[in-house]
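Notes follow once the structure below has been shown.
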Amino acid sequence: MLKKRWAAAAAAAAGLVLLTACGSGGSSGGSGGAITLGFAQVGAESGWRTANTKSIQDSAKSAGIELKFSDAQQKQENQISAIRSYIQQKVKVIAFSPVVESGWDTVLKEAKTANIPVILTDRAIDSPDKSLYKTFLGSDFIAEGKKAGEWLTKEFGSATGQVNIVELQGTTGSAPANDRKKGFADVIAADPKYKIVASQTGEFTRAKGKEVMEAFLKSQPKIDVLYAHNDDMALGAIEAIEAAGKVPGKDIKIVSVDGVKDALTALADGKINHVVECNPLLGPQLMDLVKKVSAGEQVPARIETQETEFDQASAKAALPQRQY
C-alpha cells in the first residue's frame, strides 16, 4: 500500500507544469480532440492542498487531458464564477473541491443543463439532488475523525481525571471540518472524562492555527490534548506551544490529520504524537474518471482513497520517500 503511494508521490513530484493557460479551448471538448477538464480548486491553504494541485496538474498532462485550472482562494463565489466560466467555454468535464458543503445546486443545475458532467474531489456537498454530479472521489472524513478519537482513547485510557482537549477546526462549513469534528466527537462521547474545553476554526492554515492556539493557551489553564483537523494548523500550534514554554508532544499531546512531510518530521521528532493520513494524490484516479464520464461510462457514486495512520516509528520509515 505505502509502496504504491510512494510511487504515486514520486510520479507527482516529477516537475510542476502550470496548465492554467493550456489551449484556447472554446470548442466542445478542447483542441485537437483532447478532453478538456475545468478544475476549480479551493486554494493553496496548506501543504496538502499544494500537493493535491500538483498531482492534478501533472496527471492531466500525463493523461493528455487539457486542463483549465482556477484557484478560488478559499471563496465559494470564486469557485462558482470559475464553474460558470467552464460552462461557457463548453469544457467536456468539470471537477472541483468545494470550499463549503452547501450552496451549489444552482450552478450545478446550469452544468447539468449544458450536459457537462461534474466530479467532486476531496470534499462532498450536502445537496439532496445526487443527479447534479457523477461521482465523489476522496476520503472518508468521518472515519479520519474516528481514527483520531480512537488514538486518544487508547493514549489516555488509564487516565483517572478529566482529559482536557482543544480542537482546531478546519474551514467553517467545509466537509472535512464538519466530518472530522463529528467522527472524533462520536468516539470520545463514550467516556465523560474526555472534554473538549475549546474549539475554534484555524481555517486549515499554519498562521491561523498558531494564532488560535495562542488564544487557547491564554484562556485554558490546563490543556492535555490538541486535536487539529489538519497538519498545517498543528504545525502552527506547535510554534505557539513552544513560545509559551511548553513541550509539544509531552506537555500537550497532539493528534492531527493529513500526513504531509513536515508533520511526519514533527512526529518523528516527538512534537506530534499521532497523524491520521488523508491522501492528496488524487490526480491519477481523477483523470481515469474524467475519461470514463466523458465517454458516457457509468462510474461508482463514491470512490474512496486508501489511507493509513502514522506513529513515530512508521513516520520515520515513511519520511525518506515522502514527496509532499
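Predicted model only: the values in this text are computed from it and were never measured.
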Exercise for review: Would you please test Asp224 and Lys193 for salt bridge (Lys or Arg N to Asp or Glu O under 4.0 Å) and show each step?
Suggested key: CA-CA 12 Å; Asp224 299 303; Lys193 77 180 178 186; over 6 Å; no
Exercise for review: Determine the minimum heavy-atom distance between Gly170 and His229, stating which atoms define it.
Suggested key: N-ND1, 3.1 Å
Review point. With respect to Arg206, which candidate in Asp258, Asp262, Asp231 satisfies the salt bridge (Lys or Arg N to Asp or Glu O under 4.0 Å) definition?
Key: Asp262
**Study point:** Trp48 side chain to Cys278 backbone, donor-acceptor under 3.5 Å
**Key:** yes
Check your understanding: For the atom pair CD (Gln285) and CD1 (Ile119), what is the distance rounded to the nearest 0.5 Å?
Key -> 11.5 Å
Exercise for review: Report the relative orientation of the aromatic rings in His274 and Trp151; use parallel for angles under 30°, tilted for 30 to 60°, perpendicular for over 60°.
Suggested key: parallel
**Study point:** Sidechain-backbone polar pair: Gln79 side chain, Ser97 backbone, donor-acceptor under 3.5 Å
**Key:** yes
Review point. Are any side-chain N or O atoms of Arg123 and backbone N or O atoms of Val99, one a donor and one an acceptor, separated by less than 3.5 Å?
Key: yes
Practice item. Identify, with sequence neighbours excluded, every residue that meets side chain to side chain contact (heavy atoms under 4.5 Å, CB included) alongside Lys146. Key: Ile142, Glu150, Val187
Check your understanding: Under the 3.5 angstrom rule, does the side chain of Asp232 hit a backbone N or O of Thr205 as a donor-acceptor pair?
Key -> no
Point to revise | Met233 vs Lys208, side chain to side chain contact (heavy atoms under 4.5 Å, CB included): CA-CA, chis, key distance, verdict | key: CA-CA 7 Å; Met233 293 188 295; Lys208 191 69 175 178; over 6 Å; no
Check your understanding: Can a salt bridge be assigned to the pair Glu242 and Lys271 using a cut-off of 4.0 Å between side-chain N and carboxylate O?
Key -> yes
Practice item. Assess whether side chain to side chain contact (heavy atoms under 4.5 Å, CB included) is satisfied between Thr106 and Arg84, documenting all intermediate values. Key: CA-CA 11 Å; Thr106 300; Arg84 287 200 167 118; 3.9 Å; yes
Revision key, fill the gap. Closest non-hydrogen contact found for Ala114 with Ile87 is CB-CG2, 3.9 Å
